[in-house]
Each structure stands twice: as C-alpha cells, then as structure tokens.
Amino acid sequence: MVLKYIFIVIILLGGCRQNTDFLSQFRNKGEFALECVGEINGNFIVNMSSMLKNGDYIVWNKYHTGKASVLYAYHLQTDSLIEFLMPLRDSVHSYSPEQLYVYNDSVVMSFNEVYQYFSYIHLKDSFYISGYRSLEICNEEFFDWRGRAVMRSVCPGKDSLFFVGCIGTKNIDYGVYNCNSDFLFPSYSCIPPTVLEMKCLFPDYKDNISVVRQPGKDRFAVFRRYYQLYDVIDMHKTTLRLVKRNIYHHSLLTWVDQYNLQQDLKCHFFPGFFVHSSRYIMALYQSNEKVGRQYLLVSDWEGKPLYSYRFPIEFDVYGLCGEGEDVFYAAGKMERGKTGLFKIKRDKVVP
C-alpha cells in the first residue's frame, strides 16, 4: 500500500511534457526568413485583436478597453496607413474587440458580442460603414435555452447563414444563425469538448474561441486560445458535423507546472490571426518555452497536423494574415531592428 502511494506521488511530481508532445505532431520545417515591406510605428500595431488581408490592404483592429475599436488599413502598394475609429453606438456599455472577416470579397465585417450586431465596413480609399445588422433570436421556444444569448464568435457562411461558436447554453457550443429568419439552430450532434478534453489550462477561458473558414467552402476550424485543441466542422444548411477534434491528451500536471502555465500563459493559439488557405489550416501559436517561441502551425482541412514553422527568436509577432499558403504577412518587431509589416515566403526558411 505504501508503494502504491509512493508511485502516485512520483507520477504527480514527474512533470509535464505537454507542449513538446503537442508540437511533435507537426513536422519541423525550419525558421522563417522575414522581409520588411513597411515600417509602422509600434503604437499602431501593438495590442492587435484581429488581422486580415483584403486585396492590397492589410487590415487590423486593436484592443481598447471601454472604447470602440480602432481599425487600421495599410496599403501595400502605396505605403499608406488609414486609421478609423468605430463610432460608439451606446456610451453606457464597453465594447469587446471584434474579429474581422472578409465578406463577399469587398466588405470587412466585424462582430461585437456585447451588442450582438454585425458592422458592414467597406474599404477602398478609406473606411465607411454601410450598415449594421442586429442579431435577434426569434425561435428560443423551440430549444432548451439556458439564459441570454451570448454569441462569442460568428463567422459568415453562405448567403444568410452564419456559423456561431459558444452560444451561451450549458450543453451547446456551436450553431447556425439564419439572418433572414433570425432563427438560431443549435447543434446537438456537434458537441463541445468535454471537461476532460479541456483540462490543460483555465476552464474559465473556454469561451475565448476563434473561427476560421475554408475559402470557398462551408468548412470551419474552431480554436480555443488557451488549449492545445481545435475542431474542424462542416456546415450543411443549418446542420453541423464534427469532422475532427485534434487534441493532445495530457498527463497529470504537478502543482508547479500548473502554476507556471497559469502565470505565464505562454502556450496558446492567437484568436484572429490566421492565413486563409483553401488547402491548409494555418494558425499562429506560442509555446510555453521560457522564451515563448512563436510558430505557424499547419494542418490540412481534415484536421491532420502537418508542419510547424518557427519565427526568429528576436522577432515578436503581433499579428498574422494572408490569402494563400505560399506568401503571407506578419506584423511585429525585431529585437534590435524594424517594427512594421513583414512579408513571409513559405519556401524561404532556415533549417
């Protein structure tokens, strides 16, 4: 009996190799070579919450606690920067940072979870808002609703259908929202992760998710910021199907491991920072190494881990975006060099 308890103590004190094991699923392809395409003052690109490429523009927004979001657009050809303050619709409530999406190739769309509306923002030579779309649910009586609707992340599908992540019920994380009918269709077949599957870090951050859509299709990847887990989901009309749940199941953590992970938050995905590719899921990830090394993780759209690329150790990544898998862009700062936007070619790496 004594040996049994000693064995348990040894397991608990044995440490955790979760980050190494998670990254080992991805084949190391080397370190990126970066080319600065535009120097930008650090005040404009720090604290970014979402970033995308729309034609010749790199567009991003910033965290502003208690204030409206500030949108920025950098034109790659003319080396010009546009700044736009989203007007507050209600001065009583604070705004949460919106995520940005390209919609119908010409509109940058943001979603605000506090007010639950879309802002249709056009971008040509400057920003302008073409309208708002409030989100209402007219069919709550048709499903077992658990309180007020809190749509944490909404990503456009086809026509009026939108993929919804974490809609505020106890048992349902995903659903489909129809803008024409204002009906919400919760998914009972595409279940959220279990408590066991999400035991690595901070259960309170379960709602901090980000959605990316496969261009030209209704397949979505859902990332949870502080978990080494992501889902690949198909949407067919108003139904969802889980294609793959990619997760590394962790061994028991020591109390020292758990404390360090919770204090440092060095091991996580970055919501809002993806390279949009029809072939791959490409997401920005940070390890829990002492230096907090940052990576681009590449999976196929079946959810299979493929490759990892590391960013230079002296480069802090503030944002990532792109419209294809071969050339994309990162916002960041060199330790002893330039701050701004950097062009990355996937075939130019240091082994």
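We're numbering straight along the sequence, starting at 1. Just so you know, these numbers use all the heavy atoms, side chains as well, and skip hydrogens, waters and symmetry mates.
A salt bridge links R219 with E302: at least one charged nitrogen is closer than 4.0 Å to a carboxylate oxygen. The pair R293-E31 counts as a salt bridge, with a side-chain nitrogen and a carboxylate oxygen less than 4.0 angstrom apart. Between D218 and R213 there is a salt bridge, since a side-chain N of the basic residue sits under 4.0 Å from a carboxylate O of the acidic one. Under a 4.0 Å N-O distance rule, the pair K333/D316 does not qualify as a salt bridge.
To the nearest 0.5 angstrom, S126 atom OG is 6.5 Å from I82 atom CD1. Annotation: the span from L341 atom CG to L81 atom CG amounts to 9.0 Å, rounded to 0.5 Å. Between the OG1 atom of T339 and the CZ atom of F315 there is a distance of 8.5 Å, given to the nearest 0.5 Å. Put simply, CG on L306 and CE on M282 are 10.0 Å apart, with the number rounded to the nearest 0.5 Å. Residue H236 holds its NE2 atom at 10.5 Å from CG of L161, rounded to the nearest 0.5 Å. Between I281 atom CD1 and N246 atom CG the span is 9.0 Å, to the nearest 0.5 Å.
For the pair P312/L34, a side-chain contact is recorded, criterion being any heavy-atom separation below 4.5 Å from C-beta on. V349 places none of its side-chain heavy atoms less than 4.5 Å from the side chain of K29. Two residues are said to be in side-chain contact when any heavy atoms from C-beta on lie closer than 4.5 Å; V176 and V164 fail this criterion. Taking 4.5 Å as the limit, every side-chain heavy atom of F269 sits out of range of all side-chain heavy atoms of Q286. The closest side-chain heavy-atom distance from I344 to F311 is below 4.5 Å. Two residues are said to be in side-chain contact when any heavy atoms from C-beta on lie closer than 4.5 Å; K343 and E35 meet this criterion. Within the 4.5 Å cutoff, side-chain heavy atoms of Q294 are placed close to those of F270. Two residues are said to be in side-chain contact when any heavy atoms from C-beta on lie closer than 4.5 Å; R241 and V243 meet this criterion.
Checked by atom type, the side-chain pair S299/Y230 shows a donor-acceptor distance below 3.5 Å. Side-chain contact annotation: E325 with S277, donor-acceptor N/O pair under 3.5 Å present. Using modelled atom types and a 3.5 Å distance limit, the side chains of D231 and Y174 yield a donor-acceptor pair. For the residue pair H75 and T78, a side-chain donor N or O sits within less than 3.5 Å of a side-chain acceptor on the partner. Donor-acceptor pairing under 3.5 Å is lacking for the side chains of Y318 and N47. For Q99 and S210, the side-chain atoms include at least one donor-acceptor pair closer than 3.5 Å. Side-chain atoms of S50 and N61 include no donor-acceptor pair closer than 3.5 Å.
Close placement of the Y309 and F32 rings is indicated, their centers lying within 6.0 Å of each other. When ring centroids are compared, F223 and F274 come within the 6.0 Å threshold.
Taking all atoms of both residues into account, the shortest heavy-atom contact from A331 to M48 is CB-SD, 3.9 Å. Annotation for F328 and L320: closest pair CD1-CD1, 4.0 Å, computed over non-hydrogen atoms. The minimum heavy-atom distance linking F162 with P156 is given by the pair CD2-CA, 3.3 Å. In this structure, L297 and S308 approach most closely via the heavy-atom pair CD2-CB, 3.7 Å. Counting all heavy atoms, side chain and backbone alike, S160 lies closest to N178 at OG-OD1, 3.1 Å. For C155 against V211, the heavy-atom pair with the smallest separation is CB-CG1, 3.7 Å.
The hydrophobic clustering, which links ILVMFWY residues whose side-chain heavy atoms are closer than 4.5 Å, places Y128 and L123 apart.
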How far apart are the C-alpha atoms of K237 and F185, what are their side-chain angles, what is the distance that settles it, and do they pass the side-chain contact (heavy atoms from CB on, under 4.5 Å) test? CA-CA 10 Å; K237 295 183 179 179; F185 300 89; over 6 Å; no

Worked verdict on F183 versus T238 for side-chain contact (heavy atoms from CB on, under 4.5 Å): CA-CA 10 Å; F183 276 26; T238 58; over 6 Å; no

Assess whether side-chain contact (heavy atoms from CB on, under 4.5 Å) is satisfied between I233 and V222, documenting all intermediate values. CA-CA 8 Å; I233 297 171; V222 183; 4.1 Å; yes

Give the intermediate values and the outcome of side-chain hydrogen bond (donor to acceptor under 3.5 Å, both in side chains) for residues D182 and Y177. CA-CA 7 Å; D182 291 328; Y177 180 79; 2.8 Å; yes

Under the side-chain contact (heavy atoms from CB on, under 4.5 Å) criterion, do Y329 and L76 qualify, and how do the steps go? CA-CA 11 Å; Y329 297 86; L76 293 168; 3.7 Å; yes

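Under a cut-off of 6.0 angstrom, the local environment of CG in N41 is crowded, with over 12 non-hydrogen atoms contributed by other residues, nucleotides or ligands. Residue-environment remark: NZ (K53) exceeds the threshold of 12 foreign heavy atoms within 6.0 Å.
Among L100, N54, L284, I58, the one residue that satisfies the side-chain contact (heavy atoms from CB on, under 4.5 Å) test with C321 is I58. Only one option out of F273, F84, Y72, Y74 pairs with W60 in a ring pair (Phe, Tyr, Trp, His ring centres under 6.0 Å); it is Y72.
Partners of D326 by salt bridge (charged side-chain N to carboxylate O under 4.0 Å, His left out), not counting sequence neighbours, listed by chain and number: R346.
Formation of a donor-acceptor pair under 3.5 Å by the Q214 side chain with backbone atoms of S278 is found in this model. Judged by distance alone, the side chain of K62 and the main-chain N or O of N43 form a donor-acceptor pair under 3.5 Å.
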